[in-house]
There are 2 protein chains.
Amino acid sequence: MAANKTLNGLEAQSAQARDRLLDAAERLFCEKGFDRTSVRDLTRAADCNIAAVNYHFGGKGNLYIQMFHRQMHRMMDRHREVIVRLTSTPGATLEDLLRGVVSQPLKQLERNDPSSAVMKLMVREVLNQHIGKDEILGSMKNEFFTMLGDAIRSFCPTLSLRNTQMLFFSLDALVIHPVLFSDFYLEVIPDLDIDGIIEHTVKVAAAGIRAYAGGGD
Amino acid sequence: MAANKTLNGLEAQSAQARDRLLDAAERLFCEKGFDRTSVRDLTRAADCNIAAVNYHFGGKGNLYIQMFHRQMHRMMDRHREVIVRLTSTPGATLEDLLRGVVSQPLKQLERNDPSSAVMKLMVREVLNQHIGKDEILGSMKNEFFTMLGDAIRSFCPTLSLRNTQMLFFSLDALVIHPVLFSDFYLEVIPDLDIDGIIEHTVKVAAAGIRAYAGGGD
DNA sequence: GACAATTTCAAACAAGTGTTTTATATTTTT
DNA sequence: AAAAATATAAAACACTTGTTTGAAATTGTC
């Protein structure tokens, strides 16, 4: 593949167009989606020739997927770090774990981090079904699933696997919702406070979990 | 407008193409989305000429919006009925209200009702931002919001407005999530049971509400 | 510096898009 | 039945799309 440089330290120069293209893709695809972002839009934003997309990535679709993978890995790395840290902290409670997991994406929302835009795009893409969900999520889905599931069960050992799975989905629901529909939140609650959302989400999620586990710490 | 017939009883014959177009739109747009459904796809499915879309609706975009309104009104009518019925039932509990509201869309999911496809499409469209969210939701959003909010507060009078709003969002999150990601649910829990999801959702939502209201019925 | 590989470029390609046009049926009204 | 309004039809229009081409420029290697 022409995309793989010689990696001898001077690649930065020759790989510039490729990276600029990835950056432009990240921005434009998140803004307008796949269909409404043309190759000409991308190359104009990356300041390179139209043919560059096909030369470096072999097509618009591949550029899309590569951009996705780059961002998804960044997100997962952050999540991994948070969960590992919280589960290895001695006096931590269930609420602390939930707060850590929930804060991660919601704090990104607060400071307009591009990651939350990618999160939205990811959901969009799964719903649009233009590319297979496994193509985006790959193995990360299962890893995150079991990692967080185990963490929750370490706090509530009485939870069955089935209930843990359902509670995982509910937690996902509670976190994703404000990320997706932050506009609505702001419309209804003009003085929106991200920390307030975080505490609310932790409260509801913890209540849901304890409704199954019976208040056991 | 040519679309408005003389309404003298014989319109059914002449309005056929228009209705067939709306039906085809409902099906194709839900399947493939707006961008990936061409006017030629629509007219082929409705068995009429390409120009019919522009003649009857004045463009592809208007057909999309009209299809949306028709479906949204159907959905809202059903929701209205459920809430009114539950709030006027003497011995009903908070769980009964929640079960009624939650069952509505989830039961549709169970029997592959086109309404759940439209629900997915609605979220897709809000995320895609191709048409303004107010154009889809219109006044229904606020109506449903206050209607359900009041119903919840009738069971938990101690709830503040702010907390009710946040809990409304959380309830929405818990209901929408399985509708959007039913594929994931099925993947993780192969013997997926809709009634189980309903009871789970009611349990978590009620626990969240009671976490604020302090167990007050 | 010379040769080879890599990257960039302008132009063209083939296919698909929504919409408009113009003419022809069909229906409704007079 | 004649005239007017409405609906359908095939074709063309103007435009955008992703991709390919073949030559020019740049870069790395000997």
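Lettering of chains follows the sequences in order, A, B, ..., and the numbering in each one begins at 1.
Using bins of under 30°, 30° to 60° and over 60° for the plane-to-plane angle, the ring pair B:F34/B:F29 lands in the parallel bin. Between B:H69 and B:H73, the ring planes are tilted. Angles from 30° to 60° get that label.
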Strictly under 3.5 Å: I want the nitrogen or oxygen pairs between protein and nucleotides 16-20 of chain D, one per line.
unit_1: D:dG18; atom_1: OP1; unit_2: A:K60; atom_2: NZ; d: 2.6
unit_1: D:dG18; atom_1: OP2; unit_2: A:V39; atom_2: N; d: 2.9
unit_1: D:dG18; atom_1: N7; unit_2: A:R40; atom_2: NH1; d: 2.9
unit_1: D:dG18; atom_1: O6; unit_2: A:R40; atom_2: NH2; d: 2.8
unit_1: D:dT19; atom_1: OP2; unit_2: A:K60; atom_2: N; d: 3.0
unit_1: D:dT19; atom_1: O5'; unit_2: A:N54; atom_2: OD1; d: 3.4

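With sequence neighbours excluded, the residues that form a side-chain contact (heavy atoms from CB on, under 4.5 Å) with B:N128 are A:R124, A:N128, B:R124, B:E125, B:H130. B:R27 meets the side-chain contact (heavy atoms from CB on, under 4.5 Å) test with B:E31, B:A45; sequence neighbours excluded. Applying the ring-ring contact (aromatic ring centres under 6.0 Å, His included) test to B:F68 and every residue at least two apart in sequence or in another chain returns B:Y64.
Comment: A:K32 engages A:D41 in a salt bridge, judged by a side-chain N to carboxylate O separation of less than 4.0 angstrom.
For the pair B:A52 and B:C48, the tightest heavy-atom approach, listed with the atom from each and the gap, is CB-SG, 3.8 Å.
For A:H56 and C:dT8, the shortest distance from a side-chain N or O to OP1 or OP2 is below 4.0 Å.
For the segment residues 64-71 of chain A, no residue has any heavy atom less than 4.0 angstrom from an atom of DNA chain D.
End-to-end axis angle of the helix from C:dA15-D:dT16 to C:dT30-D:dA1, from C1' rotation axes over five pairs per end: 10° (rounded to 10 degrees).
With ring centers used as reference points, B:Y185 lies under 6.0 Å from B:H177.
Per the geometry, OH belonging to B:Y55 stands 17 Å off P belonging to C:dA25, to the nearest Å. In this structure, B:D47 atom CG and D:dA10 atom P are separated by 11 Å, rounded to whole Å.
Side-chain contact of A:R78 with A:S115: a donor-acceptor pair under 3.5 Å is present, judged by distance alone.
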